[in-house]
K.L.:
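I'd like to ask you about the structure that follows.
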Amino acid sequence: MAGAPGQELVEAGHAARVLEACGVLLRRIHETATSVLGAGAHDAGKVLVHGDFGPNNLLLDPVSFQVTGVVDWEFAHVGDAVEDLAWCEWIVRMHHAEHHQELDHFFNAYGGAVPAWPVRRAAMLSRCAELEQFCHRGDPNGPGVRQWQERTAETAGWQE
């Protein structure tokens with residue numbers, strides 16, 4: 001599939017453009033809920049959630065910054081938009097911390113109301129706990145479990 005990995009473009013100094021593309025695309029994915037899930041789904045606050053959304057799972061044209069592909073849909077499900085919004089923020093804060101100030105580009109491009117910080121952080125912590133449990137099923141108390149415990153503790157300490 002054509003395109004450069006989003007995280008590489010972020011690290012190359014294009015965080016604002018990549019995060020803007022993330023916001024535009026995520027809004028399109030979430031709006032898909034009405035056509036895929038039925039008209040009542042969006043009214044009930046439910047959307048199509050990617051489940052691991054962030055620059056790490058996008059391919060982009062390195063010149064136009066148009067998204068050419070979205071990968072890793074194994075955690076996709078029907079849920080709340082805050083799950084993807086918070087997880088994209090988590091990816092940036094955890095793996096590209098020096099670019100977290102560029103998250104406004106993501107939220108502005110998404111165009112919807114941004115959930116309050118406590119709601120976003122709670123969604124991040126919930127996802128960290130889910131991934132810890134996922135690792136625990138494969139290797140109880142293994143390195144993956146410890147890694148997610150450490151990431152949970154770090155996330156809990158973040159401030160808006």
Side-chain angles (χ1 to χ4, degrees), residues 1 3-34 36-37 41-42 45-62 64-135 147-148 150-160:
M1 191 175 289
Q7 72 269 20
E8 291 179 13
L9 293 171
V10 168
E11 292 305 317
H14 304 290
R17 301 229 22 221
V18 170
L19 291 172
E20 183 177 327
C22 285
V24 169
L25 178 65
L26 185 59
R27 182 61 168 216
R28 288 180 55 209
I29 291 170
H30 287 173
E31 288 175 346
T32 302
T34 302
V36 173
L37 306 171
H42 191 67
K46 300 299 179 193
V47 300
L48 175 62
V49 173
H50 179 275
D52 191 13
F53 190 82
N56 55 312
N57 283 325
L58 296 184
L59 298 172
L60 299 98
D61 179 284
S64 69
F65 294 90
Q66 294 297 307
V67 176
T68 61
V70 183
V71 298
D72 291 343
W73 286 88
E74 68 270 19
F75 294 114
H77 63 280
V78 176
D80 293 323
V82 69
E83 295 178 62
D84 280 337
L85 290 163
W87 198 247
C88 185
E89 181 176 3
W90 186 91
I91 292 292
V92 173
R93 285 175 173 262
M94 181 59 69
H95 299 292
H96 310 285
E98 67 278 13
H99 299 290
H100 84 276
Q101 297 298 334
E102 303 292 335
L103 282 164
D104 285 345
H105 293 277
F106 168 64
F107 291 121
N108 290 336
Y110 182 78
V114 177
W117 169 247
V119 175
R120 296 191 327 266
R121 187 170 68 172
M124 293 176 201
L125 291 169
S126 176
R127 184 69 180 136
C128 288
E130 290 170 6
L131 291 167
E132 179 186 337
Q133 287 304 309
F134 178 81
C135 291
Q147 180 183 44
W148 282 107
E150 291 167 5
R151 288 177 170 178
T152 299
E154 184 174 345
T155 302
W158 289 343
Q159 301 295 316
E160 186 175 23

K.L.:
Which residue pairs pass the salt bridge (charged side-chain N to carboxylate O under 4.0 Å, His left out) test when at least one of the two sits in residues 52-61, sequence neighbours left out?
P.N.:
none

K.L.:
How far apart are the C-alpha atoms of E83 and H77, what are their side-chain angles, what is the distance that settles it, and do they pass the side chain to side chain donor-acceptor pair (under 3.5 Å) test?
P.N.:
CA-CA 10 Å; E83 295 178 62; H77 63 280; 2.7 Å; yes

K.L.:
Calculate, to the nearest 0.5 Å, the distance between atoms CD and SG belonging to E150 and C128 respectively.
P.N.:
12.0 Å

K.L.:
Quick one: does F107's side chain get under 4.5 Å of C22's, heavy atoms only?
P.N.:
no

K.L.:
Can you tell me how far the NE2 atom of H99 sits from the NE2 atom of H95, to the nearest 0.5 Å?
P.N.:
13.5 Å

K.L.:
If we only count heavy atoms from C-beta on, is the F106 to L85 side-chain gap below 4.5 Å?
P.N.:
yes

K.L.:
Once salt bridge (charged side-chain N to carboxylate O under 4.0 Å, His left out) is applied, what residue pairs with a partner in residues 114-124 remain, sequence neighbours excluded?
P.N.:
E89-R120, R120-E160

K.L.:
Please determine whether a side-chain nitrogen of the Lys or Arg among E130 and R127 lies less than 4.0 Å from a carboxylate oxygen of the Asp or Glu.
P.N.:
yes

K.L.:
Think R93 forms a cation-pi with W90, using NZ or CZ under 6.0 Å from the six-ring centre and within 45 degrees of its axis?
P.N.:
no

K.L.:
Yes or no on side chain to side chain contact (heavy atoms under 4.5 Å, CB included) for H14 and F65, after CA distance, side-chain angles and deciding distance?
P.N.:
CA-CA 9 Å; H14 304 290; F65 294 90; 3.5 Å; yes

K.L.:
Is any side-chain heavy atom of L9 less than 4.5 Å from a side-chain heavy atom of P55?
P.N.:
no

K.L.:
Under a 4.5 Å cut-off applied to non-hydrogen side-chain atoms, are H50 and W73 in contact?
P.N.:
yes

K.L.:
Taking the side chain as everything from C-beta on, heavy atoms only, tell me whether V49 gets closer than 4.5 Å to D80.
P.N.:
no

